[in-house]
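Positions are given from 1, in the same order as the sequence printed here.
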Amino acid sequence: MKSFLLRIWGHYVRLTARWPSIGSIAPFIPLIATWWIVTALQIFPSVFLPGPVEVARSFGNLVYTGVLPEYLQDSMVRLAVGAFWGIALGIPLGILVGLSPRAHTALWPPLLFFQAIGDIAWLPILVIWFGYGLTTMTVIIVYTVIFPVVLNTVLGVRSIPINMHRAALSLGASRARLLWEVVLPGALPNIITGLRNGLGYGWRALIATEIIVGTSGIGFLMFDARRAGSVVEILLGMIILGILWYIVDGWILAPIERATGQRWGLVTR
């Protein structure tokens, strides 16, 4: 039995080495199989725990009617807009706080203060200010994304040895060139880590905001399904959320972070 399992494991290792995408899918197979067995045995009523077939059928129906593509597009646009502004504001602010002792003294305490206030805590007052719409969701996402970006950027900037600054200045580098050729490259690994964390938090904040104040989007789809008692659509929404973020993080953000770390010698292949 042991030798048989070792042979299976050897085949799996060789297969995933040749096709890495299989290694990403394989861990989910036991989960799906267990889910299918539990629903097939009707341990729980199907109205409370639908099976994979019912969820797949619901996915086909929502795609056919156009509801799912439209909601998915709304969620992705909101995330993109909020993430853009969070990154555009967070990186310059992080560089300023990291480079300037005065800015660090003035801005670091407020950054820590507002970081402790959860994004959803702002939702009631934002609804009063901006109503139920894109502005409220965008502000929530920007608020969520900006803090990991700022804090990691500050960490990256302040971790650059001061001798690097002095060496560049002694060679005649201007302040702008010092920023472009020393500070940004040196802080880039931490900036990428901040982007990855910030986008992950922003994605969760978006879904929570759509559930509470949204009129479309994946979060709204799940909350609207609750009103109708449709567990199938709730499970479908959860699966879509997981798959989307797995693709974005595992196929885009994580490789960029890993490549950046390898470029600066922080990790090896």
Are side-chain heavy atoms of Val38 and Leu49 found at a separation under 4.5 Å?
yes

Cationic N near anionic O, under 4.0 Å, Glu233 to Arg226
no

What are the two closest non-hydrogen atoms of Asn197 and Pro148, and how far apart are they?
CB-CB, 4.2 Å

When you group the ILVMFWY residues by side-chain heavy-atom contacts below 4.5 Å and let the links chain together, are Ile239 and Val53 in the same group?
no

For the side-chain contact (heavy atoms from CB on, under 4.5 Å) test, which of Thr34, Leu41, Thr39 pairs with Ile37?
Leu41

Could you tell me whether the side chains of Thr153 and Arg158 share a donor-acceptor contact shorter than 3.5 Å?
no

Side-chain contact, heavy-atom cut-off 4.5 Å: Trp129 with Thr136?
no

Do any pairs count as a side-chain hydrogen bond (donor to acceptor under 3.5 Å, both in side chains) and have a residue in residues 97-123, sequence neighbours left out, and if so which ones?
Asp119-Thr144, Trp122-Tyr143

Pairwise salt bridge (Lys or Arg N to Asp or Glu O under 4.0 Å) hits with a residue in residues 52-76, at least two apart
none

Going only through I, L, V, M, F, W and Y residues with side-chain contacts under 4.5 Å, is there a path from Val77 to Leu134?
no

Spacing of Phe59 atom CZ and Asn61 atom CG [to the nearest 0.5 Å]
11.0 Å

Taking all non-hydrogen atoms of both residues into account, name the closest pair between Pro69 and Val63 and its distance.
CD-CA, 4.0 Å

Is there a path of hydrophobic side-chain contacts, each under 4.5 Å between heavy atoms of I, L, V, M, F, W or Y residues, that connects Val232 with Ile43?
yes

Is the shortest side-chain heavy-atom distance between Ile117 and Phe113 below 4.5 Å?
yes

I need the Leu221 CG to Leu72 CG distance, nearest 0.5 Å.
10.0 Å

Could you tell me which non-hydrogen atom of Ser75 sits nearest to which non-hydrogen atom of Ile218, and how far apart they are?
OG-N, 3.0 Å

Any idea which heavy atoms bring Phe130 and Val139 closest together, and the distance?
CE1-CG2, 4.3 Å

Cation-pi between Arg204 and Tyr201: NZ/CZ under 6.0 Å from ring centre and within 45° of the ring axis?
no

Separation of Ile207 CD1 from Phe223 CZ (nearest 0.5 Å):
14.0 Å

Nearest atoms (heavy-atom pairs only) where Val97 meets Ala103:
CA-CB, 4.2 Å

For the CG atom of Leu62 and the CD1 atom of Ile240, what is their distance to the nearest 0.5 Å?
7.5 Å

How about Val81 and Trp85: do any of their side-chain heavy atoms sit closer than 4.5 Å?
yes

When rounded to the nearest 0.5 angstrom, what distance separates CD1 in Ile120 from CD1 in Ile212?
5.0 Å

Do Thr135 and Leu126 come within less than 4.5 Å of each other through their side chains, counting heavy atoms only?
no

Closest heavy-atom pair, Leu235 versus Trp35, reported as atoms and distance to 0.1 Å, is CD1-CZ2, 4.2 Å

What's the spacing between Leu155 CG and Ile191 CD1 if we round to 0.5 Å?
10.5 Å

